[in-house]
Trainee: 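Dumping the structure here so I can ask a few things about it.
One-based numbering along the sequence shown. Values below: every heavy atom of this structure, side chains too, minus hydrogens, waters and symmetry copies.
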Amino acid sequence: MKSVFTILLLIISNIFMTFAWYGHLKFKEMKWFENLSLVYVILISWGIALIEYSFQIPANRIGFRGNGGPFSLIELKVIQEVITLVVFTAFSLLFFKTETFRWNHLAGFACLVMAVYFIFRK
């Protein structure tokens, strides 16, 4: 159960982080945000990142084997990276309609799946 809860928290955290890091790139298309200075964009992104941390930190604490969780530190990091790329891919395809998903992206993801396999191999 801790593993599922950890992964769900990591997914939520990565959704917020993706918006914090890349969502502002669409601000020019939004009437309220089109003329914001960089300082305000940074502050908005920090606010979103604070929400992200509210999910990321508990996910790592719950999931870490040293705290009674099911994952080693390296396993947690690899899970987080794979989730980040999946969330980012969905975000870029849905939020930025100009992006395309090509065969080389699929090949790269296959390599990541192999990385997960090797990291979790005992």
Trainee: State yes or no: do Val116 and Ile11 share one hydrophobic cluster built from I, L, V, M, F, W and Y residues joined by side-chain heavy-atom distances below 4.5 Å, directly or via other members?
Mentor: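 Yes, because Val116 and Ile11 connect within a single hydrophobic cluster, where side-chain heavy atoms sit under 4.5 Å apart.
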
Trainee: Could you see if Leu76 belongs to whatever hydrophobic cluster contains Phe5? Use Ile, Leu, Val, Met, Phe, Trp, Tyr and a side-chain cutoff under 4.5 Å.
Mentor: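 Yes, same cluster.
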
Trainee: Write out all pairs satisfying salt bridge (Lys or Arg N to Asp or Glu O under 4.0 Å) with one or both partners inside residues 44-70, taking only residues at least two apart or from two chains.
Mentor: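 Found Arg65-Glu75.
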
Trainee: Flag the pair Phe120 / Ile79 as yes when at least one side-chain heavy-atom distance between them is below 4.5 Å, and no otherwise.
Mentor: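 Yes, their side chains come closer than 4.5 Å.
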
Trainee: Return the minimal non-hydrogen interatomic distance between Ala49 and Ala20, and the atom names on each side.
Mentor: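 Heavy atoms only, the tightest pair is N-CB, 4.0 Å.
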
Trainee: When rounded to the nearest 0.5 angstrom, what distance separates SG in Cys111 from CG in Leu106?
Mentor: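 Answer for the SG-CG pair, Cys111 versus Leu106, is 10.0 Å.
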
Trainee: Verify side-chain contact (heavy atoms from CB on, under 4.5 Å) between Leu112 and Leu85, making sure each step is shown before the conclusion.
Mentor: CA-CA 9 Å; Leu112 288 170; Leu85 288 172; 2.8 Å; yes

Trainee: After noting the C-alpha distance and the side-chain angles of Leu36 and Ile44, does the key distance pass the side-chain contact (heavy atoms from CB on, under 4.5 Å) rule?
Mentor: CA-CA 10 Å; Leu36 284 180; Ile44 290 169; 3.6 Å; yes

Trainee: Donor-acceptor pair, Lys2 side chain versus Phe71 backbone, under 3.5 Å?
Mentor: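 Side chain of Lys2 to backbone of Phe71: no pair is present.
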
Trainee: Any side-chain heavy atom of Thr89 sitting closer than 4.5 Å to one from Phe109?
Mentor: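 With C-beta onward as the side chain, the pair touches.
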
Trainee: May I ask whether Leu25 and Tyr40 are part of the same hydrophobic cluster, defined by side-chain heavy atoms of I, L, V, M, F, W, Y residues being less than 4.5 angstrom apart, directly or through others?
Mentor: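 Yes, it is one cluster - the side chains of Leu25 and Tyr40 are joined through contacts under 4.5 Å.
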
Trainee: On a heavy-atom basis, which atom in Glu81 and which in Lys77 lie closest, and how many Å separate them?
Mentor: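 For Glu81 and Lys77, the tightest heavy-atom pair comes out as OE2-NZ, 2.7 Å.
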
Trainee: Test Tyr22 against Phe96 for ring pair (Phe, Tyr, Trp, His ring centres under 6.0 Å), laying out the working first.
Mentor: CA-CA 10 Å; Tyr22 301 103; Phe96 287 87; 8.0 Å; no

Trainee: Using the ring of each side chain (for Trp, its six-membered ring), is Phe16 parallel, tilted or perpendicular to Phe55, with breaks at 30° and 60°?
Mentor: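 Parallel.
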
Trainee: Do Val4 and Ile12 share a hydrophobic cluster (ILVMFWY, side-chain heavy atoms under 4.5 Å, transitive)?
Mentor: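 Different clusters: Val4 never reaches Ile12 through Ile, Leu, Val, Met, Phe, Trp or Tyr contacts under 4.5 Å.
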
Trainee: Between Met17 and Gln56, is there a side-chain heavy-atom distance shorter than 4.5 Å?
Mentor: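 No, their side chains stay 4.5 Å or more apart.
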
Trainee: Do you know the tightest heavy-atom contact between Ile119 and Val78?
Mentor: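 So the minimum-distance heavy-atom pair works out to CG1-CG2, 3.6 Å.
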
Trainee: Write down the atom of Ala59, the atom of Leu9, and the distance for their closest heavy-atom approach.
Mentor: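 Residues Ala59 and Leu9, closest heavy atoms: CB-CB, 3.5 Å.
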
Trainee: Please walk me through it: do Asn60 and Leu10 pass side-chain contact (heavy atoms from CB on, under 4.5 Å)?
Mentor: CA-CA 8 Å; Asn60 287 333; Leu10 288 172; 4.2 Å; yes

Trainee: I'd like to know whether CG of Leu94 has more than 12 heavy-atom contacts from other residues, nucleotides or ligands below 6.0 angstrom.
Mentor: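 Yes.
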
Trainee: In this structure, would Trp21 and Leu50 fall into the same cluster of hydrophobic residues linked by side-chain contacts under 4.5 Å?
Mentor: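 Looking at the clustering, Leu50 is in a separate group from Trp21.
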
Trainee: Could you check if a side-chain atom of Phe95 sits within less than 4.5 angstrom of a side-chain atom of Phe19, using non-hydrogen atoms only?
Mentor: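 Yes - at least one pair of side-chain heavy atoms lies under 4.5 Å apart.
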
